[in-house]
Amino acid sequence: MRRAGLLVWEAHQIVKRLIEPGIATRQIDKDVESFFELHGAEPLFKGYPGKKNPFPAVTCISLNDEVVHGIPSNRQLAEGDIVSVDTGCRIDGWCGDSAWTYAVGEVAKPAREMLEVGEGALDTAISCFGNSEMWSQVAAAISEYANSRGCSVVESLVGHGVGREMHEPPQVPNFVSEKTLIEDFPLRPGLVLAIEPMINAGASTVKDGGDGWTVVTADSSLSVHFEHTVALTADGPMRLTAAPGTEIDTWLGS
Ligand code: MG
Ligand code: MG
């Protein structure tokens with residue numbers, strides 16, 4: 001799974017280099033698609049079945065008040081936007097999935113703070129993942145962190161198990177409710193999750209963006225999305241979609 005994770009990390013480095021005012025989101029998608037193709041990796045998003053249409057691209061690109069599942073198009077990034085890019089691939093039969101929200105040029109303070117809170121939420125989740133008995137403890141830590149920063153956690157979308165398929169059980173919520181407690185699960189070495197808090201600056205409610213895919217915040221507030229594929233080992237959590245040379249490579253002895 002590290003091989004898939006590294007390709008997804010590299011795809012994000014391509015995205016990061018491309019992001020600037022004036023680039024069309026479709027161009028970013030095309031470059032990621034070529035990259036996966038070059039490496040013989042299967043993109044996991046293109047053709048994914050949806051309510052109206054299969055997803056048409058290898059990345060989801062969601063701007064500002066768009067939470068997730070934005071469709072790459074001719075729309076151009078503008079200075080001050082924040083842009084969430086999510087992508088995944090499979091290689092050697094195993095999947096990797098990761099999302100990150102980036103700043104486009106100089107962004108205003110509220111947007112900068114959202115980027116900080118989103119990354120902080122993911123870091124909080126991964127460190128708790130290594131120190132908790134049950135997922136609900138991690139989920140509680142994520143929502144407490146987001147709320148302490150004056151933000152809210154999206155509840156209608158969740159993370160997931162990941163392995164040979166991108167979406168495997170269990171569902172991995174970023175909040176705690178009666179229902180999530182019923183479906184709570186223990187954290188044991190061998191478990192691999194796509195941990196992906198989606199955090200809104202305003203209310204947690206989201207709505208359909210109208211194209212069959214894009215999800216937007218109900219109150220038009222900013223939203224961020226940070227995701228890593230994370231394996232729980234006997235030595236703690238390992239981020240499979242992180243940069244080369246991080247804890248997982250040491251652990252694998254490569
Ligand atoms: Mg993803
Ligand atoms: Mg995911």
Side-chain angles (χ1 to χ4, degrees), residues 1-16 25 28-29 32-33 35-36 41-50 54-63 66-72 82-91 94-102 115 118-119 121-123 125-126 129 135 138-139 142 153-175 180 183 185 191-200 206 209 213-216 223-232 237-242:
M1 290 190 77
R2 176 55 168 156
R3 241 194 112 197
L6 260 182
L7 286 177
V8 171
W9 176 83
E10 277 186 62
H12 272 282
Q13 306 320 297
I14 291 168
V15 168
K16 212 193 285 186
T25 56
I28 296 171
D29 186 72
V32 172
E33 186 166 25
F35 172 76
F36 285 150
E42 177 196 345
L44 294 170
F45 293 13
K46 201 167 191 173
Y48 198 93
F55 194 75
V58 305
T59 58
C60 293
I61 304 186
S62 312
L63 287 176
E66 296 170 356
V67 180
V68 287
H69 304 166
I71 301 173
I82 55 172
V83 55
S84 302
V85 180
D86 192 355
T87 195
C89 75
R90 172 161 41 213
I91 194 153
W94 296 98
C95 298
D97 182 12
S98 175
W100 212 258
T101 305
Y102 301 97
L115 298 178
E119 198 172 347
L122 182 57
D123 285 342
I126 296 171
F129 189 40
W135 176 259
V138 183
I142 296 169
V153 163
V154 173
E155 299 191 355
S156 55
L157 296 149
V158 297
H160 48 94
V162 50
R164 294 216 175 261
E165 298 298 327
M166 172 168 62
H167 292 142
E168 295 186 358
Q171 293 208 27
V172 181
N174 301 301
F175 63 98
T180 69
E183 293 166 1
F185 55 90
L191 184 62
V192 185
L193 302 178
I195 301 178
E196 48 179 316
M198 289 147 266
I199 313 284
N200 294 349
V206 298
W213 278 103
T214 314
V215 176
V216 301
S223 189
V224 293
H225 181 205
F226 288 81
E227 172 184 36
H228 270 311
T229 296
V230 187
L232 189 57
M238 307 276 168
R239 290 165 298 151
L240 300 179
T241 43

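First listed ligand is number 1; within each ligand, the first listed atom is number 1.
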Atom name, Asp97 (N, O or S, nearest to the Mg ion (ligand 1)): OD1
Presence of N, O or S from His167 under 2.8 Å of the Mg ion (ligand 2): no
Validation row, ring centre Trp9 to ring centre His228 under 6.0 Å: no
Ring centres under 6.0 angstrom apart (His69, Phe45): no
N/O donor-acceptor pair under 3.5 Å between Asn174 side chain and Val153 backbone: no
Charged tip of Arg164 within 45° of Trp94 ring normal and under 6.0 Å: yes
Main-chain N/O of Thr229 paired with Thr241 side-chain donor or acceptor, under 3.5 Å: yes
The Mg ion (ligand 2) contact by Asp86, N, O or S atom under 2.8 Å: no
Heteroatom of Glu227 nearest to the Mg ion (ligand 1) (N, O or S, atom name): OE1
Presence of N, O or S from Glu196 under 2.8 Å of the Mg ion (ligand 1): no
